[in-house]
Structures are given as C-alpha cells and as structure tokens.
Student: 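Handing you this structure, nothing more for now.
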Amino acid sequence: MSKPIYVLSGPNLNLLGVREPQIYGKETLDDVRAACERRAEALGRTIVFRQSNHEGVLIDWVQEARTEASAIVINPAGYGHTSIALLDALKAAELPIVECHLSNPAAREAVRHHTYVSLAATGLVSGFGLASYELAVEAAARLSA
C-alpha cells in the first residue's frame with residue numbers, strides 16, 4: 001500500500017464554520033476531514049489530516065511527511081503570506097505539494113495575492129470552498145501514483 005497523503009491546515013482553520021462563513025463557508029474542519037477521507041478512500045488512498053495554529057508544528061509535520069507521505073496537501077492559511085520557513089520546509093520535502101485554499105486569494109485583499117507556498121507547490125486549488133480540499137487530495141493522489 002502507498003504512503004498516505006498528508007493534508008495539513010494552518011492557523012484559524014479550526015474555526016471553520018464560525019469564522020467569516022460568507023468567505024470560508026459553513027462547513028467545519030471535521031466536515032473537511034470527512035470529505036478528504038471519502039475522496040482518498042474512493043481513490044484507494046489514505047490521508048493523515050492535521051491542523052495547527054503554530055508555524056513550527058506545521059514545519060515539523062512537513063519534515064515528517066518527507067519520509068512518511070506520498071504527497072502533501074497544504075492550506076497554509078495566513079502563514080502562506082508570511083512564512084519563508086514553511087516554504088523552505090516544503091522545498092526540502094521533495095514531494096508533490098498541492099496548495100489549497102477555500103477562498104480565492106487572488107480575488108481578495110492585496111496582501112493575500114502572494115503566497116510563499118506557491119513557490120514550492122506543484123499545483124494550486126483555490127476558490128471552491130470545501131471542494132478545494134477534495135480536488136487537492138485527488139490531484140495529490142494522481143501526482144504520487
């Protein structure tokens with residue numbers, strides 16, 4: 001059996017369903033997890049699903065994924081716009097990386113138009129709400145087949 005796909009989510013995503021539902025939707029992080037698990041299972045794959053508000057924890061998981069995962073799906077949230085350390089960890093992972101966003105950062109405030117994570121990502125899925133995660137899992141599965 002292939003290694004799992006790591007699905008990592010950054011700060012404030014634990015507040016999905018409560019925080020700005022007009023932007024991020026009404027689904028919770030548990031709903032996102034369930035959708036990702038269903039999509040992975042349909043593709044004959046498994047996931048490791050994690051969320052942290054702490055940059056260093058996300059970096060530790062990316063470093064872990066280097067040897068334990070087949071690919072990484074990451075919604076870096078605010079850290080995408082600020083964290084060169086996260087970028088460096090993703091580049092060192094040497095895995096397919098799919099950047100994922102619930103909203104479309106390019107259609108939002110100027111500060112959100114650039115993400116450092118994009119410099120390491122194989123691809124980007126954004127703007128489809130919860131389906132962004134499902135599509136990102138599917139892309140990661142195909143990239144790591």
Student: Can you confirm whether S83 sits close enough to L87 that some side-chain heavy atom of one is under 4.5 Å from a side-chain heavy atom of the other?
Tutor: no

Student: State whether the side chain of D31 and the backbone N or O of T28 hold a donor-acceptor pair below 3.5 Å, judged by distance alone.
Tutor: yes

Student: Hey, can you tell me if Y133 and F49 have their rings parallel, tilted or perpendicular (30° and 60° cut-offs)?
Tutor: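 Rings of Y133 and F49: tilted, as their planes differ by 30° to 60°.
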
Student: Taking atom OG of S126 and atom CG of L135, what is their separation to the nearest 0.5 Å?
Tutor: 10.5 Å

Student: Got more than 12 heavy atoms from elsewhere within 6.0 Å of CD, E64?
Tutor: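 Yes - once you tally the heavy atoms of other residues, nucleotides and ligands closer than 6.0 Å, there are more than 12.
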
Student: Got a sec, which residues hit side chain to side chain contact (heavy atoms under 4.5 Å, CB included) with P96, two or more places apart in sequence or on another chain?
Tutor: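 Side chain to side chain contact (heavy atoms under 4.5 Å, CB included) check on P96 returns A71, T122, L143, S144.
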
Student: Determine whether I59 and V62 satisfy the following criterion, side-chain contact (heavy atoms from CB on, under 4.5 Å), listing intermediate values before the conclusion.
Tutor: CA-CA 5 Å; I59 291 167; V62 168; 5.6 Å; no

Student: With a 3.5 Å distance limit and no angle check, can you tell me whether Y79 reaches the backbone of N53 through a side-chain donor-acceptor pair?
Tutor: yes

Student: Output the distance between atom CD (E68) and atom OH (Y6), rounded to the nearest 0.5 Å.
Tutor: 5.5 Å

Student: Under 4.5 Å between side-chain heavy atoms, counting indirect links through other Ile/Leu/Val/Met/Phe/Trp/Tyr residues: same cluster for L124 and L130 or not?
Tutor: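 L124 does not cluster with L130.
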
Student: Calculate, to the nearest 0.5 Å, the distance between atoms CD1 and NE2 belonging to I74 and H101 respectively.
Tutor: 9.0 Å

Student: Nearest 0.5 Å please: distance from the CD atom of E37 over to the CD1 atom of I47.
Tutor: 4.5 Å

Student: Got a second to check how far S118's OG is from I97's CD1, nearest 0.5 Å?
Tutor: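 Between atom OG of S118 and atom CD1 of I97 there are 11.0 Å.
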
Student: Give the C-alpha distance, both sets of side-chain angles, the deciding distance and a yes or no for side-chain contact (heavy atoms from CB on, under 4.5 Å) between L102 and L16.
Tutor: CA-CA 10 Å; L102 296 162; L16 285 179; 3.4 Å; yes

Student: Of all residues at least two apart in sequence or in a different chain, which pass the side chain to side chain contact (heavy atoms under 4.5 Å, CB included) check with L43?
Tutor: R39, R45, E138, A141

Student: Tell me whether Q51 contacts the main-chain N or O of G10 through its side chain, where contact means a donor paired with an acceptor under 3.5 Å.
Tutor: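 Yes; judged by distance alone, with no hydrogens or angles, the pair exists.
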
Student: So, S9 side chain and N75 main chain: donor-acceptor pair closer than 3.5 Å or not?
Tutor: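 Judged by distance alone, no pair lies under 3.5 Å.
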
Student: Nearest 0.5 Å, please: how far is CG in L95 from NZ in K3?
Tutor: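 The NZ atom of K3 sits 8.0 Å away from the CG atom of L95.
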
Student: Looking at C100, is its backbone amide N or carbonyl O close enough to the side chain of S132 to form a donor-acceptor pair, meaning the two atoms are under 3.5 Å apart?
Tutor: no

